[in-house]
Amino acid sequence: MSELIIRNETENDYRTVEKITRDAFWDVNFPGCDEHYLAHILRGHDDFIHELDLVAEIDGQVIGNIMYTKSVLIDENGAEKDILTFGPLSIAPEFQRMGYGKRLIEYSLEKAAEIGYEAVVIFGSPANYISCGFKSCKKYNVSLEDGTYPCAMLVKELKQNTLSGGKWAYRESSAYSFDEKDAEEFDKQFEKREKGYRRSQEEFYIYSRSVIK
């Protein structure tokens, strides 16, 4: 089996990463996708963590990537705690379900802990992330600012008990806010591809609208 190399993304990787991200997410959550545009704009945002902008490579071929941004947890007294969020996380379709995504996550989490971050909050299907140590946000008393606990919001402590005993509200970076029309325009730079329906879109619809009571 070829060796997996994980390294920092370089400017020469940008378009390759965007294409992989497009291929990995196309029609998964909704018809088409906009994650490749997100990857494109994140790099220039103040909250983007360049040290955690990583690609996975096999035999000189980039097969996946992960990107991190700063986000914030706010306690009951209004004090803010800097944490991390990752996404997009992408593995080229022909290399999926081989464990490469998990290895990329685990490597990046170790690196994040070394830098000094203590927690990560993400949104995704629990089935994809619990094997990497993520748990329901409810178990850490981490809610959105409106007090709800989304089923898809998952938390991992990088420093044990860093969230114990508190009540936290999560605020994601403004980096994830963009105009869908801009994403559509950016997509025109790539080979035209028809949008369609996949059953995974129904799963995304359910998870993205479900909360824990």
Side-chain angles (χ1 to χ4, degrees), residues 1-2 4-43 45 48-49 52-69 84-109 111 120-132 134 152-154 172-173 175-176 178 180 182-208:
M1 187 175 181
S2 299
L4 181 71
I5 295 173
I6 299 176
R7 59 171 176 80
N8 284 105
E9 184 189 42
T10 69
E11 190 171 350
N12 291 334
D13 300 315
Y14 286 2
R15 186 45 59 106
T16 298
V17 164
E18 290 160 9
K19 184 179 184 305
I20 288 172
T21 303
R22 185 179 190 249
D23 291 342
F25 280 96
W26 194 263
D27 287 343
V28 172
N29 296 329
F30 51 83
C33 73
D34 52 27
E35 283 80 2
H36 54 311
Y37 178 65
L38 177 59
H40 178 72
I41 63 174
L42 280 184
R43 301 184 187 104
H45 197 277
F48 187 62
I49 310 294
L52 298 174
D53 176 20
L54 303 170
V55 297
E57 185 178 83
I58 294 178
D59 295 331
Q61 176 187 355
V62 174
I63 66 157
N65 75 288
I66 191 168
M67 295 178 167
Y68 281 77
T69 58
L84 293 174
T85 300
F86 70 66
L89 162 68
S90 308
I91 299 294
E94 63 270 29
F95 290 96
Q96 291 178 6
R97 303 190 183 283
M98 298 180 185
Y100 295 127
K102 183 177 181 180
R103 290 171 65 182
L104 187 53
I105 292 171
E106 290 176 342
Y107 178 91
S108 66
L109 292 174
K111 195 172 178 70
V120 181
V121 174
I122 62 170
F123 288 85
S125 171
N128 294 333
Y129 298 105
I130 56 176
S131 65
C132 293
F134 282 88
M153 189 161 78
L154 308 171
E172 77 174 2
S173 169
Y176 291 95
F178 56 85
E180 292 182 6
D182 291 337
E184 287 280 355
E185 192 63 30
F186 177 74
D187 188 65
K188 293 178 182 179
Q189 299 179 23
F190 298 81
E191 182 179 356
K192 183 174 174 56
R193 188 169 180 177
E194 294 299 319
K195 298 178 181 181
Y197 174 78
R198 291 170 62 176
R199 286 180 294 178
S200 58
Q201 293 173 19
E202 187 63 23
E203 179 183 354
F204 176 78
Y205 181 89
I206 293 169
Y207 270 127
S208 63

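- With values rounded to the nearest 0.5 angstrom, R193 atom CZ is found 7.0 Å from D27 atom CG.
- N65 has its side chain out of reach of E9: every pair of non-hydrogen atoms, C-beta onward, lies at least 4.5 Å apart.
- For Y205, the OH atom is loosely surrounded, since the number of other residues' heavy atoms within 6.0 Å does not exceed 12.
- In plain terms, the two heavy atoms of Y176 and G87 that are nearest each other are OH-O, 3.1 Å.
- Just one of L52, L42, T21 meets the side-chain contact (heavy atoms from CB on, under 4.5 Å) condition when paired with M67; it is L42.
- Atom CZ in R7 sits 10.0 Å away from atom CG in D53 (nearest 0.5 Å).
- For the residue pair D13 and T16, no side-chain donor N or O sits within less than 3.5 Å of a side-chain acceptor on the partner.
- Listed for the Q96 side chain is a donor-acceptor partner under 3.5 Å among the backbone atoms of I91.
- In terms of heavy-atom proximity, T69 sits nearest to A175 at CG2-CB, 4.5 Å.
- The two residues E203 and S125 have their closest heavy-atom pair at OE2-OG, 3.3 Å.
- Under the 30°/60° scheme for interplanar angles, the aromatic rings of F86 and F134 are found to stand perpendicular.
- With a 4.5 Å cut-off on side-chain heavy atoms, L89 and Y129 count as touching.
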Salt bridge (Lys or Arg N to Asp or Glu O under 4.0 Å) between K188 and E185, worked out: CA-CA 6 Å; K188 293 178 182 179; E185 192 63 30; 3.2 Å; yes
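- In summary, E18 and R43 engage in a salt bridge, as defined by a charged side-chain N under 4.0 Å from a carboxylate O.
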side-chain contact (heavy atoms from CB on, under 4.5 Å) between Y68 and K111, intermediate numbers included: CA-CA 11 Å; Y68 281 77; K111 195 172 178 70; over 6 Å; no
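- Counting only heavy atoms from C-beta outward, the side chains of P126 and Y207 approach each other to under 4.5 Å.
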